[in-house]
Amino acid sequence: MTQDTFKLGDREFRSRLLVGTGKYASLEETREAILASGAEIVTVAVRRVSLSGEDSILKAIPEGVSLLPNTAGCYTADEAIRTARLAREAGMTEFVKLEVIGDKKTLFPDIPATIEAAKQLVDEGFTVLPYVTDDPVTALRLQDIGCAAVMPLAAPIGSGLGIKNPYNLRIIIEQARVPIIVDAGVGTASDAAIAMELGCDAVLMNTGIAAAKKPILMAEAMREGITAGRKAYLSGRMGKKLYATASSPLDGLID
């Protein structure tokens, strides 16, 4: 499994678990959870966290872990584009997790604005990973624009409801030419395993770990769930049958 990697843009990663940096009790807990998760990529909300001073979230990022700035809190394409530019000008990276929220209550993405922002950012040389609904048509359109991955939600952000529409995710995965990363809605390790069993390339989560009673232990569980789900997908599960099938050979039975 050490050779089972995936690519985002021109970079290659081993860990298929991406984690956020919000909602933890302290910077120390943030760091410990990241280490326990084994994540190689962590997201940072450029507009919502301190990036300098003693309370800088950057102090919690372990050495060697890649930053993925995101445009959380943006409600228009222009806001998201400006935020991505700000992150790049600050020397963070050309990678950006693109979020353009369309509704404050559900936090569902504004799809037309996301497509607009994605096109502009791709044209400006960003490696764009857009957060979207689980709509196969939208996923195709973002691939055509040149996004490096597509990140459909499993359920509303922070809901912990798990994979609510596996059928749409399967369609998105089947037609994918770029990595598909489930983003939002994962509440526990079995949710992460299901996403990987469906064939997703990775899973991004924050609240599922940070809001657990024992975040560091949950980070370990999520890591193991990702690994188990990926192995099950690569193994090729048995077909489902309506009736029982004997698991022991029937030849040579004693009369």
Side-chain angles (χ1 to χ4, degrees), residues 8-9 18-23 41-49 51 57 66-90 92-159 161 164-165 168-169 172 175-186 195 200-208:
L8 291 174
L18 291 67
V19 297
T21 52
K23 302 183 179 181
I41 303 173
V42 300
T43 64
V44 176
V46 177
R47 292 176 54 132
R48 289 180 170 170
V49 299
L51 299 178
I57 193 65
S66 299
L67 287 178
L68 176 60
N70 71 51
T71 62
C74 293
Y75 285 84
T76 68
D78 286 343
E79 285 181 348
I81 292 167
R82 288 199 303 271
T83 300
R85 290 170 178 165
L86 176 64
R88 185 162 67 177
E89 288 168 6
M92 295 180 74
T93 176
E94 77 283 357
F95 278 65
V96 61
K97 180 195 170 190
L98 175 62
E99 294 183 31
V100 186
I101 301 301
D103 176 63
K104 292 184 178 181
K105 183 176 182 179
T106 64
L107 298 182
F108 283 154
D110 182 327
I111 297 304
T114 298
I115 291 173
E116 177 187 347
K119 186 176 187 308
Q120 180 64 39
L121 291 171
V122 168
D123 288 346
E124 293 183 14
F126 284 90
T127 301
V128 182
L129 290 70
Y131 158 69
V132 292
T133 54
D134 55 356
D135 172 34
V137 175
T138 298
L140 275 177
R141 189 162 299 175
L142 289 165
Q143 290 180 77
D144 293 341
I145 287 171
C147 291
V150 177
M151 306 179 74
L153 55 79
I157 291 175
S159 68
L161 290 172
K164 302 312 297 179
N165 194 342
N168 274 20
L169 285 179
I172 290 171
Q175 65 188 16
R177 305 186 303 275
V178 299
I180 302 300
I181 305 173
V182 158
D183 178 18
V186 170
C200 291
D201 295 278
V203 178
L204 190 154
M205 64 185 74
N206 185 181
T207 309

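Counting begins at 1 with the first residue of the sequence.
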Review point. Do D78 and R82 sit within salt-bridge range, that is, some charged N less than 4.0 Å from a carboxylate O?
Key: no
**Study point:** Given L204, V203, N206, the one that forms side chain to side chain contact (heavy atoms under 4.5 Å, CB included) with V186
**Key:** V203
**Study point:** Distance in Å, L67 CG paired with F95 CZ, rounded so as to fall on 0.5 Å steps
**Key:** 12.0 Å
**Study point:** Separation of Y75 OH from D110 CG (nearest 0.5 Å)
**Key:** 11.0 Å
Practice item. Calculate, to the nearest 0.5 Å, the distance between atoms CE and OG1 belonging to M151 and T114 respectively. Key: 12.5 Å
Check your understanding: With no hydrogens and no angle check, is any side-chain donor or acceptor of Q175 less than 3.5 Å from a backbone partner on P136?
Key -> yes
Point to revise | Pair listing, salt bridge (Lys or Arg N to Asp or Glu O under 4.0 Å) test, anchored in residues 130-157, at least two apart | key: D144-R177
Practice item. Please identify each residue that fulfils side chain to side chain donor-acceptor pair (under 3.5 Å) with D103, with sequence neighbours left out. Key: T106
Practice item. Could I get the full list of side-chain contact (heavy atoms from CB on, under 4.5 Å) partners for A149, not counting sequence neighbours? Key: L8, L129, P179, I181
**Study point:** With A118 via side-chain contact (heavy atoms from CB on, under 4.5 Å) - residues at least two apart
**Key:** L98, V128, L142, C147
Check your understanding: How would you list, by chain and number, every residue that makes a side-chain contact (heavy atoms from CB on, under 4.5 Å) with N70, sequence neighbours excluded?
Key -> T43, A45, A72, K97, E99
Review point. Who passes salt bridge (charged side-chain N to carboxylate O under 4.0 Å, His left out) against E124, sequence neighbours left out?
Key: R85
Check your understanding: Between A195 and V182, what is the shortest heavy-atom contact and its length?
Key -> CB-CG2, 4.1 Å
Check your understanding: Out of curiosity, L18 CG to S66 OG, how far, rounded to the nearest 0.5 Å?
Key -> 9.5 Å
